[in-house]
Amino acid sequence: MTDTNTLADTPNSTAADAIETTPSVWQAKKAEYKKIMLNGLWQNNQAMVALLGLCPLLAVSNNAVNGLGLGLATLAVLLVSNTLVSLIRSHVSDEIRIPVYIAIIATAVTMIDLLMNAYFHTLHGILGIFIPLIVTNCAILGRAEAYASKNSVDKAIVDGFFMGLGFLVVLVLLGALREIIGSGTLFDQAYLMFGETASNWTITFSDDYQGVLLAILPPGAFIGLGLLIAAKNYIDQKKAAKLQNDLGIKIAIK
């Protein structure tokens, strides 16, 4: 039990400690969340760096709406599986952890599959087998094993969300790139996700454009993803060169 006399003797120091520690704890947590966010969106992007889950990514990204649908489904599964794995991590032995993680992921995928079939039936039919195949996405099991099983629930949720968001952004970018080059449109069939109000959202860049068939065929997916990876690597190299140059200037000044 806390000694009330002790508290009475040191009220100022206790208050001062609280004032000093609370901001530092929050700042440390904020820095950790920022690191997780950048890791998911850019530095360890599962599609452009880890190169995981490429099968559905390459197969369904022939337009932006398909990419958005599969990306949201993958994000939701990552979020649910990371959260549940982190919650039960101290109650599952090492010998059975992988089967348990797979059961959790399969349950989440089944829920998402049924929900999409109920509310986005036509889009669900277009995405087809690639929704159930999210179970086999190495990125999801990888995050469960490598991160969620070793970290607290709040960090696992942030990791799942931004890893899923990074995957979604690549899917939409690749889908948009292939759709623009292949068909000359953007957000065609947006009503499949957003209802009849989105029936006029299709952007047509030129009525006379005939399109490049290669872009919407499977080889176009490989070429498009290669271009995105090349663009990321170019940006990373430019940033690294700028940082090295800035450090050199600072050292020279000192």
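Small disclaimer: the values here were computed from a predicted structure and weren't measured. Note: hydrogens, waters and symmetry copies are ignored here, and every other heavy atom, side chains too, is used.
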Notebook entry, point to check: If only atom types and distance count, is the side chain of Gln189 paired as donor or acceptor with the main-chain N or O of Phe187 below 3.5 Å?
Noted result: no
Margin query: For a side-chain contact (heavy atoms from CB on, under 4.5 Å) check, start with the C-alpha distance between Leu213 and Ile216, then their side-chain angles and the critical distance, and finish with the verdict.
Written below: CA-CA 6 Å; Leu213 181 61; Ile216 55 177; 4.1 Å; yes
Checklist line | Test item: Phe194 and Leu68 side chains (from C-beta on) under 4.5 Å apart, heavy atoms | finding: yes
Next item on the list: Compare all side-chain heavy atoms of Ile104 with those of Val80 and state whether any distance is below 4.5 angstrom.
Entry: no
Note to self: Could you go through Asn66 and Asn62, starting from their C-alpha distance and side-chain angles, then the distance that decides it, and tell me whether this counts as side chain to side chain donor-acceptor pair (under 3.5 Å)?
What the structure shows: CA-CA 7 Å; Asn66 287 357; Asn62 54 358; 3.0 Å; yes
Next item on the list: Any pair with a residue in residues 156-178 that passes side-chain hydrogen bond (donor to acceptor under 3.5 Å, both in side chains), sequence neighbours left out, goes on the list, sorted by first then second residue, please.
Entry: Ser61-Arg178, Asn82-Asp159, Arg143-Asp159
Notebook entry, point to check: Taking C-beta and beyond as the side chain, do Asn151 and Arg89 meet within less than 4.5 Å on heavy atoms?
Noted result: no
Checklist line | Shared hydrophobic cluster, Leu58 / Val49 (ILVMFWY, side-chain heavy atoms < 4.5 Å) | finding: no
Next item on the list: Identify the two heavy atoms, one from Cys55 and one from Phe130, that lie closest to each other, and give their separation to 0.1 Å.
Entry: SG-CE2, 4.1 Å
Check: If every non-hydrogen atom of Leu54 is compared with every non-hydrogen atom of Ala47, which pair is closest and at what distance?
Finding: CD2-O, 3.8 Å
Next item on the list: Determine, stepwise, if the pair Asn117 / Leu114 fulfils side-chain contact (heavy atoms from CB on, under 4.5 Å).
Entry: CA-CA 5 Å; Asn117 194 14; Leu114 292 174; 5.5 Å; no
Next item on the list: Could you grab the distance from atom OG of Ser81 to atom CG of Asn137, nearest 0.5 Å is fine?
Entry: 10.0 Å
Notebook entry, point to check: Does any non-hydrogen side-chain atom of Leu38 lie less than 4.5 Å from one of Leu41?
Noted result: no
Next item on the list: Write out all pairs satisfying salt bridge (charged side-chain N to carboxylate O under 4.0 Å, His left out) with one or both partners inside residues 148-157, taking only residues at least two apart or from two chains.
Entry: Lys29-Asp154
Next item on the list: Decide yes or no for Ile180 and Thr185: does some side-chain heavy atom of the first lie under 4.5 Å from some side-chain heavy atom of the second?
Entry: no
Item checked: CA sep, side-chain torsions, deciding dist, call: Leu168, Thr74, side-chain contact (heavy atoms from CB on, under 4.5 Å) -> CA-CA 8 Å; Leu168 183 152; Thr74 307; over 6 Å; no
Next item on the list: May I ask whether Val135 and Leu78 are part of the same hydrophobic cluster, defined by side-chain heavy atoms of I, L, V, M, F, W, Y residues being less than 4.5 angstrom apart, directly or through others?
Entry: yes
Checklist line | Side-chain heavy-atom pair Ile134, Thr136 within 4.5 angstrom cut-off | finding: no
Notebook entry, point to check: With ILVMFWY side chains joined below 4.5 Å, transitively, what does Ile235's cluster contain besides itself?
Noted result: Trp42
Next item on the list: Mind listing the closest non-hydrogen atom pair of Val172 and Gly67 along with its distance?
Entry: CG2-C, 4.2 Å
Notebook entry, point to check: When you measure from the side chain of Gln46 to the backbone N and O of Leu52, does any donor-acceptor pair fall under 3.5 Å?
Noted result: no
Item checked: Same cluster (ILVMFWY, side-chain, under 4.5 Å), Phe120 and Met111 -> no
Notebook entry, point to check: From Ile126 CD1 over to Leu70 CG, what is the distance, rounded to the nearest 0.5 angstrom?
Noted result: 12.5 Å
Notebook entry, point to check: Would you say the side-chain atoms of Asn45 pair up with the backbone N or O of Gly166, donor to acceptor, closer than 3.5 Å?
Noted result: yes
Check: Within the distance-only criterion (no hydrogens, no angle test), does the side chain of Ser149 pair as donor or acceptor with the backbone N or O of Ala146 below 3.5 angstrom?
Finding: no
Next item on the list: Identify the heavy atoms of Val100 and Val92 that sit nearest to each other, and give their distance.
Entry: CG2-CG1, 4.1 Å
Notebook entry, point to check: Got a second to check how far Met193's CE is from Met116's CE, nearest 0.5 Å?
Noted result: 6.0 Å
Checklist line | side-chain hydrogen bond (donor to acceptor under 3.5 Å, both in side chains) partners of residues 94-108, not counting sequence neighbours, each pair once | finding: Ser93-Glu95, Arg97-Glu145
Check: Taking all non-hydrogen atoms of both residues, which atom of Asp188 and which atom of Glu179 are closest, and how far apart?
Finding: N-OE2, 2.9 Å
Note to self: Using the side chain to side chain donor-acceptor pair (under 3.5 Å) criterion, which residues pair with Asn39? Sequence neighbours excluded.
What the structure shows: none
Margin query: For the CD1 atom of Ile157 and the CD1 atom of Ile36, what is their distance to the nearest 0.5 Å?
Written below: 11.0 Å
Next item on the list: Evaluate the side-chain proximity of Trp201 to Leu186: yes if any heavy-atom separation is below 4.5 Å, no if none is.
Entry: no
Next item on the list: Take atom CZ of Phe205 as the centre, draw a 6.0 Å sphere, and report whether it contains more than 12 heavy atoms from other residues, nucleotides or ligands.
Entry: yes
Note to self: Return the CG to CD1 distance between Asp113 and Ile131, rounded to the nearest 0.5 Å.
What the structure shows: 5.5 Å
Notebook entry, point to check: Between atom OH of Tyr33 and atom CZ of Phe162, what is the distance when rounded to the nearest 0.5 Å?
Noted result: 11.0 Å
Check: Nearest heavy-atom pair of Pro99 and Ile96: which atoms, and what distance?
Finding: CD-O, 3.2 Å
Next item on the list: Go through the steps to decide whether Ser86 and Tyr147 satisfy the test side-chain contact (heavy atoms from CB on, under 4.5 Å), and finish with yes or no.
Entry: CA-CA 9 Å; Ser86 180; Tyr147 195 88; over 6 Å; no
Next item on the list: Give a yes or no on whether Leu133 and Ile112 share a hydrophobic cluster (residues Ile, Leu, Val, Met, Phe, Trp, Tyr; joining criterion: side-chain heavy atoms under 4.5 Å apart).
Entry: yes
Check: Does Val25 belong to the same Ile/Leu/Val/Met/Phe/Trp/Tyr cluster as Val158, with side-chain heavy atoms less than 4.5 Å apart forming each link?
Finding: no
Item checked: Fellow cluster residues of Ile181, listed by chain then number, with links counted only when side-chain atoms sit under 4.5 Å apart -> Leu177, Tyr209, Val212, Leu214, Ile223, Leu227
Item checked: pair Phe167-Leu75: side-chain heavy atoms closer than 4.5 Å -> no
